[in-house]
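One structure below.
Lettering follows sequence order; numbering is per chain, from 1. Treat the numbers as computed from the prediction; the structure is a model and nothing was measured. Side chains included, hydrogens not; waters and symmetry mates left out as well; all remaining heavy atoms used.
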Amino acid sequence: MSRLKKGNTVTGIVKGGTLILLVFCLFTGIASVTASSSFISVIKEMFGGSSGNLITGRLTSGTTGLSITVTNLPPNVTDVPEVPEQSITESGATAVILYFTASDVDGVSNLNDSSATINLTTTDDSTVILNDTCEVVADLDSTSANYTCTLYFQYFDVSGNWTIEPSIKDNSGAMASNNSVNVSLAPTLAIQITPSSLSFASIAPGADNATATDDPILVNNTGNQNVTSGNVQVQAFSLIGGDDATKNIPAANFTVGNVTGGENSECVATAMVNGTATAIPSTFVPRGNNSVGVNPENGIEELYVCLVDAPTVDDLPSQTYSATGASAWVVSVS
Amino acid sequence: MKKMIIAFGMALMLLLPGIAAMGLTSPFFGDYIEMYKGERMISTFILQNMVGDEDITVKVTVTEGNNIARIADKKEMYRVPFGRKDIPVNIEITIPENAEAEYPVKFIINQIADEGKGLSLALALEKRFTVRVLDGVRQETNPIQTEPVAQPVVEAPARQYLNDQNVRVIGTLLIVIIIYFMYRLVKKHKKKYNLV
């Protein structure tokens with residue numbers, strides 16, 4: 001007995017067993033059945049003839065044209081394992097390896113492996129991460145197979161729940177998907193600042209508005225938490241003389257701002273307070289794709305430093321002044 | 001005049017590595033957690049050092065809410081090797097029986113800057129959250145909530161063994177069986193009475 005496949009046509013004698021098969025196919029939708037016009041009359045004859053009397057008994061069998069076309073059944077995504085909570089990698093990507101099982105009653109070979117994909121979607125559907133290069137792990141049995149996909153969370157992807165939605169098509173293009181499992185992405189506050197030190201050109205005692213030569217300080221948000229306005233602070237310390245530690249340049253003589261320009265805007269910005277974290281107004285660093293460009297909207301803020309007023313000659317002997325180690329200036333975010 | 005010009009320099013050298021960076025992952029979403037009076041829990045924050053190429057050392061200090069929060073690791077300095085994102089900082093929170101309605105908690109992660117010359121820049125991360133105190137006792141089925149604003153994870157529904165397709169198949173099988181027996185009955189009847 002040969003196996004009936006999609007598109008096969010069967011023609012033959014309609015007996016009880018065949019009739020059962022026909023009814024079964026019609027009701028389940030497994031196959032569509034078409035018959036010649038004589039088919040109905042044959043059935044009538046089998047069950048009692050045109051008189052409608054069930055027990056008249058005429059034919060116990062008959063021959064008629066009959067075409068059975070086996071229709072396709074869609075596949076199913078039957079299992080999506082739970083995934084532990086994930087966290088981003090600062091300024092990088094985090095690989096997440098996901099698995100799912102798909103099945104097809106038409107046989108595992110009817111699953112179109114190359115169509116296996118997984119979407120990761122935020123609960124508000126605002127962000128989608130797609131992987132369309134899933135691979136088969138193994139066929140599990142005659143109707144199901146296991147697939148794996150590797151997706152990447154970017155450092156700026158929003159924290160919270162993401163829906164995992166694997167999907168696959170069969171060879172006829174019927175698709176199945178499953179969005180019943182979530183993965184949680186933890187919030188990470190991550191910052192990068194460059195450079196790690198500042199320098200000034202030689203400054204005369206009493207000089208005004210000397211700006212750092214190698215600012216701005218770039219504050220990059222390399223995580224997935226927003227740093228809102230007022231939550232970027234600078235804790236400044238007085239610069240101490242290298243040879244004569246009794247001499248210093250007070251922290252209060254410096255200002256820090258997030259803009260610069262021809263008139264040195266940073267020199268009329270926020271004055272520092274020795275040893276105190278001071279918020280820089282209107283400075284914010286939301287999560288964002290830093291590679292797009294230097295802009296707060298992309299998660300990069302700039303800070304400019306100005307020595308507004310150098311001490312007079314009596315208080316500023318020629319020597320190196322520094323603030324390092326425990327006295328290093330601290331850029332803090334929250 | 002020349003004598004008046006006294007030069008000084010700052011930042012004579014750049015300190016390695018030229019970048020200060022670190023990350024801190026929170027065990028909960030949002031800016032508050034809920035606890036019951038008399039309850040104690042440990043929240044584990046995770047440090048990471050994935051940018052640059054140097055190991056870093058940080059100092060962790062609880063600066064607000066010391067009456068209920070403390071570092072549970074019995075140390076304040078943490079070394080975070082480059083390439084690691086799994087260094088835990090455990091904060092123990094204990095709510096007294098006579099607790100207030102809520103407590104603000106703040107701790108700071110300060111990166112220790114290298115000694116050197118010039119004006120060094122260091123990085124600090126501040127973590128602030130509020131502990132809201134609830135009356136009553138936590139039930140066994142209501143474990144400590146560490147993700148207050150996260151939407152609950154949707155459990156995968158039980159596999160639908162009786163989906164539409166299966167119902168149709170089973171129903172059809174029953175119908176077919178009935179028809180089959182009717183057919184056999186008719187056939188038997190015809191044979192018995194020789195009605196062909």
Side-chain angles (χ1 to χ4, degrees), chain A residues 16 19-20 23-24 27-29 47 54-57 60 78 80 87 89-92 123 159-161 180-182 184 186-200 202-205 217 222-223 239 313 316-325 328-334, chain B residues 4-12 14-15 17-26 29 46 48 50-51 85 108 110 113-128 150-151 153-154 156-157 159 165 168-169 171-173 175-176 179-180 183-184 186-187 189-190 195-196:
Chain A
L19 184 63
I20 290 168
V23 173
F24 182 78
F27 276 85
T28 60
F47 275 92
L54 285 175
I55 315 181
T56 58
T60 54
T78 55
V80 186
S87 64
T89 300
E90 53 175 328
S91 197
T123 48
S159 62
N161 282 334
S180 61
V181 176
N182 287 358
S184 179
T188 298
L189 176 63
I191 294 292
Q192 168 188 318
I193 58 171
T194 51
S196 62
S197 66
L198 289 180
S199 59
F200 287 76
S202 294
I203 296 171
I217 304 166
T222 54
L239 277 64
V313 65
L316 197 67
S318 178
Q319 62 177 333
T320 298
Y321 295 83
S322 62
T324 64
W329 286 23
V330 179
V331 177
S332 63
V333 300
S334 58
Chain B
M4 295 290 289
I5 299 174
I6 303 171
F8 67 93
M10 289 182 280
L12 297 181
L14 291 178
L15 300 175
I19 293 174
M22 63 175 160
L24 179 72
T25 300
S26 299
F29 296 85
I46 303 295
Q48 60 174 276
M50 303 297 287
V51 174
K85 52 177 290 190
I108 300 178
N110 267 92
D114 294 329
E115 293 291 341
K117 294 180 178 179
L119 197 169
S120 299
L121 297 172
L123 176 63
L125 302 179
E126 273 186 16
K127 183 63 187 177
R128 283 180 283 192
Q151 293 185 11
V153 172
V154 178
R159 195 169 298 167
Q165 181 70 28
R168 278 199 299 167
V169 169
T172 305
L173 277 174
I175 292 169
V176 165
I179 291 174
Y180 176 73
Y183 173 77
R184 291 292 301 262
V186 169
K187 193 173 177 184
H189 187 83
K190 286 177 180 175
L195 293 175
V196 176

| message | Among B:Ala124, B:Ser26, B:Gly23, which residue has the highest count of heavy-atom pairs closer than 4.5 Å to chain A? | response | B:Ala124
| query | Taking atom OG of A:Ser332 and atom CG of B:Asn110, what is their separation to the nearest 0.5 Å? | reply | 8.0 Å
| query | So, do A:Ile217 and B:Leu121 sit near enough that their side-chain heavy atoms are less than 4.5 Å apart? | reply | yes
| field | Check: B:Ile19 and A:Gln192 side chains under 4.5 Å, non-hydrogen atoms | value | yes
| request: Report the C-alpha separation of B:Met22 and A:Ile191 in whole Å, then their side-chain angles, then the decisive distance to 0.1 Å, and conclude whether the side chain to side chain contact (heavy atoms under 4.5 Å, CB included) test is met. | output: CA-CA 6 Å; B:Met22 63 175 160; A:Ile191 294 292; over 6 Å; no
| message | As an exercise: rank A:Ala328, A:Gly223, A:Gly92 by heavy-atom pairs under 4.5 Å with chain B and give me the winner. | response | A:Ala328
| query | Can B:Leu123 and A:Val330 be said to form a side chain to side chain contact (heavy atoms under 4.5 Å, CB included), step by step? | reply | CA-CA 5 Å; B:Leu123 176 63; A:Val330 179; over 6 Å; no
| said: Would the distance check show the side chain of B:Lys85 and the main-chain N or O of A:Ser87 forming a donor-acceptor pair, the cut-off being under 3.5 Å? | reply: yes
| task | Using a 4.5 Å cut-off on heavy atoms from C-beta on, say whether the side chain of A:Tyr321 contacts that of B:Leu119. | result | no
| query | How close do A:Glu90 and B:Met50 get, heavy atom to heavy atom, and via which atoms? | reply | OE2-N, 2.7 Å
| query | Taking atom types as modelled and ignoring hydrogens, do the side chains of A:Thr188 and B:Thr25 form a donor-acceptor contact shorter than 3.5 angstrom? | reply | yes
| note | Of all heavy-atom pairs linking B:Phe29 and A:Gly160, the shortest is CE2-N, 3.1 Å
| query | Any side-chain heavy-atom pair from B:Lys127 and A:Leu189 closer than 4.5 angstrom? | reply | no
| Any side-chain heavy-atom pair from B:Val51 and A:Ser91 closer than 4.5 angstrom? | yes
